[in-house]
Visitor: 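This is the structure I have questions about; it appears just below.
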Amino acid sequence: MSIQNIRLFGDPVLRTPAEPVVDFDRELRQLVRDLTDTMMDAPGAGLAAPQIGVGLRVFTYWVDGELGHLVNPDLDLSSELQDGEEGCLSFPGLRFDTPRSLRVVARGMNQFGEPVVLEGSELLARCIQHETDHLDGILFIDRMDREQRKLAMRAIREAQWSGQSAPTVKASPHATFGRGM
């Protein structure tokens, strides 16, 4: 196992857009293992490479018993929306209502550079959108309306982990649906 520290809100890497993966090599396969091990240990429904300090367009997911990863995702979103509670491993223990598209088709590659198409609705769609946002330097609080974001920022300031300079806190098992994104 190769459990990594999860970067917390406030770490600049979470606001930095990730670079596309160009080398599908042993290092990428190790990154996918690190992401998977860290996500499962947290436990989370998804984890993007920037959350462990790596600026590459890769994420893992574990939703409804389906474990996988996606490299260099490109999303097609449905116009139909869902609103629901969402958490994030970079915001331990916090959950907030966040609007998302109800369905998504994600195209990308696996760790070997082979094409992958991932289709999902509801929780899987939410997870794919959440993790892809991380790759673009967007956090789930950015998707909230003004009032909800204000409440979220207050909760973040009051959180025990808020303002920590080093990423030393592990995620809470109390994130979205029992797992953070």
Side-chain angles (χ1 to χ4, degrees), residues 1-9 14 18 21 28-52 54 56-112 114-144 148 152 170-181:
M1 272 189 158
S2 47
I3 308 300
Q4 304 296 312
N5 286 321
I6 296 172
R7 303 298 177 97
L8 300 176
F9 175 71
L14 297 175
V21 171
L28 177 62
R29 290 188 294 280
Q30 182 61 51
L31 174 59
V32 170
R33 280 191 298 275
D34 290 351
L35 284 167
T36 302
D37 291 347
T38 304
M39 174 187 66
M40 299 299 281
D41 182 67
L47 188 65
Q51 291 180 274
I52 61 169
V54 178
L56 291 174
R57 295 187 66 78
V58 181
F59 71 80
T60 55
Y61 62 91
W62 182 42
V63 176
D64 296 330
E66 184 178 345
L67 179 63
H69 67 277
L70 197 57
V71 178
N72 297 336
D74 181 45
L75 306 186
D76 290 321
L77 303 173
S78 70
S79 58
E80 189 177 359
L81 299 178
Q82 62 173 317
D83 196 31
E85 203 170 62
E86 191 166 317
C88 180
L89 295 174
S90 294
F91 295 75
L94 302 180
R95 296 184 308 229
F96 304 100
D97 284 341
T98 307
R100 295 283 184 182
S101 291
L102 181 61
R103 289 181 299 283
V104 65
V105 177
R107 290 174 177 76
M109 293 173 254
N110 67 14
Q111 63 188 327
F112 303 105
E114 299 162 343
V116 172
V117 176
L118 180 60
E119 296 183 46
S121 62
E122 299 180 10
L123 182 56
L124 182 57
R126 179 175 296 282
C127 178
I128 292 167
Q129 292 168 77
H130 180 107
E131 300 312 328
T132 302
D133 273 355
H134 272 300
L135 304 180
D136 294 331
I138 298 169
L139 302 174
F140 80 121
I141 59 173
D142 301 332
R143 299 288 183 192
M144 297 173 187
Q148 187 69 13
K170 288 231 176 197
S172 165
H174 304 291
T176 301
F177 305 102
R179 302 186 317 234
M181 294 283 174

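The first residue in the sequence is number 1, and the count goes up from there.
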Visitor: Look up atom CD1 in I141 and atom CD in E86, then write down how far apart they are to the nearest 0.5 Å.
Guide: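 Answer for the CD1-CD pair, I141 versus E86, is 11.5 Å.
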Visitor: By the salt bridge (charged side-chain N to carboxylate O under 4.0 Å, His left out) test, which pairs, at least two apart or in different chains, include something from residues 65-76?
Guide: D76-R107
Visitor: At what distance, to the nearest 0.5 angstrom, does NE2 of H134 lie from CZ of R7?
Guide: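 Result: 13.0 Å between the selected atoms.
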Visitor: List in chain and number order the residues that pass side-chain contact (heavy atoms from CB on, under 4.5 Å) with S78, two or more places apart in sequence or in another chain; answer none if no residue qualifies.
Guide: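 Counting only residues at least two positions away or on another chain, S78 forms a side-chain contact (heavy atoms from CB on, under 4.5 Å) with E80, S101, L102, R103.
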Visitor: Can you name the residues that form a ring pair (Phe, Tyr, Trp, His ring centres under 6.0 Å) with F91, not counting sequence neighbours?
Guide: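 Counting only residues at least two positions away or on another chain, F91 forms a ring pair (Phe, Tyr, Trp, His ring centres under 6.0 Å) with F9, F140.
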Visitor: Applying side chain to side chain donor-acceptor pair (under 3.5 Å), name anything that partners D133, two or more places apart in sequence or on another chain.
Guide: R100, R143
Visitor: According to salt bridge (charged side-chain N to carboxylate O under 4.0 Å, His left out), who are the partners of E114, at least two apart in sequence or on a separate chain?
Guide: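 By the salt bridge (charged side-chain N to carboxylate O under 4.0 Å, His left out) rule, E114 matches no residue at all.
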Visitor: Find out whether D64 and L124 are in side-chain contact, i.e. whether some heavy atom of one side chain is under 4.5 Å from a heavy atom of the other.
Guide: no
Visitor: With a 4.5 Å cut-off on side-chain heavy atoms, are T60 and M40 touching?
Guide: no
Visitor: Find the distance between OG1 (T98) and CG (D83) and round it off to the nearest 0.5 Å.
Guide: 7.5 Å
Visitor: Compute whether any side-chain donor of one residue and acceptor of the other, for Q4 and T38, lie under 3.5 angstrom apart.
Guide: no
Visitor: Compare every heavy atom of A42 with every heavy atom of I6, then report the nearest pair and how far apart it is.
Guide: CD1-CB, 4.1 Å
Visitor: Show the numbers, then the answer: is there a side chain to side chain contact (heavy atoms under 4.5 Å, CB included) between T132 and F59?
Guide: CA-CA 8 Å; T132 302; F59 71 80; 3.6 Å; yes
Visitor: Suppose we screen for side-chain contact (heavy atoms from CB on, under 4.5 Å). Which residues come up paired with Q30, at least two apart in sequence or across chains?
Guide: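 Checked Q30 against side-chain contact (heavy atoms from CB on, under 4.5 Å); matches are S2, R33, D34.
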Visitor: Partners of V116 by side-chain contact (heavy atoms from CB on, under 4.5 Å), sequence neighbours excluded?
Guide: L70, N110
Visitor: Can you name the residues that form a salt bridge (charged side-chain N to carboxylate O under 4.0 Å, His left out) with R57, not counting sequence neighbours?
Guide: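 Partners of R57 by the salt bridge (charged side-chain N to carboxylate O under 4.0 Å, His left out) criterion, ordered by chain and then number, come out as D136.
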Visitor: Testing the basics here: between A48 and E131, what is the closest heavy-atom pair and its distance to 0.1 Å?
Guide: N-OE1, 3.1 Å
Visitor: Which pair of non-hydrogen atoms, one from G46 and one from C127, has the smallest distance, and what is that distance?
Guide: CA-SG, 4.0 Å
Visitor: State, to 0.1 Å, how close L35 and L47 come at their nearest heavy-atom pair, and which atoms those are.
Guide: O-CD2, 3.6 Å
Visitor: With heavy-atom distances below 4.5 Å as the criterion, would you say the side chains of S90 and L139 are in contact?
Guide: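 Counting from C-beta outward, S90 and L139 never come under 4.5 Å.
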Visitor: Nearest 0.5 Å please: distance from the CZ atom of F96 over to the CD atom of E85.
Guide: 9.0 Å
Visitor: Start with the C-alpha distance between V63 and R126, add both sets of side-chain angles, then the distance that settles side chain to side chain contact (heavy atoms under 4.5 Å, CB included), and finish with yes or no.
Guide: CA-CA 10 Å; V63 176; R126 179 175 296 282; over 6 Å; no
Visitor: Holding to side-chain contact (heavy atoms from CB on, under 4.5 Å), I want the full list of residues that pass it with E119, two or more places apart in sequence or in another chain.
Guide: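 Testing E119 for side-chain contact (heavy atoms from CB on, under 4.5 Å), a comparison that skips the adjacent residues, returns V105, V117.
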Visitor: Start with the C-alpha gap between Q51 and C88, add the side-chain angles, then the distance that decides, and say whether side chain to side chain contact (heavy atoms under 4.5 Å, CB included) holds.
Guide: CA-CA 10 Å; Q51 291 180 274; C88 180; 3.7 Å; yes
Visitor: Which pair of heavy atoms, one from P50 and one from A18, lies closest together, and at what distance?
Guide: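 The answer is CG-CB, 4.2 Å.
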Visitor: Identify the heavy atoms of L89 and G44 that sit nearest to each other, and give their distance.
Guide: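 Minimum heavy-atom separation between L89 and G44: CD1-CA, 4.0 Å.
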Visitor: Test side chain to side chain contact (heavy atoms under 4.5 Å, CB included) on H69 and T36 and set out the steps.
Guide: CA-CA 8 Å; H69 67 277; T36 302; 5.6 Å; no
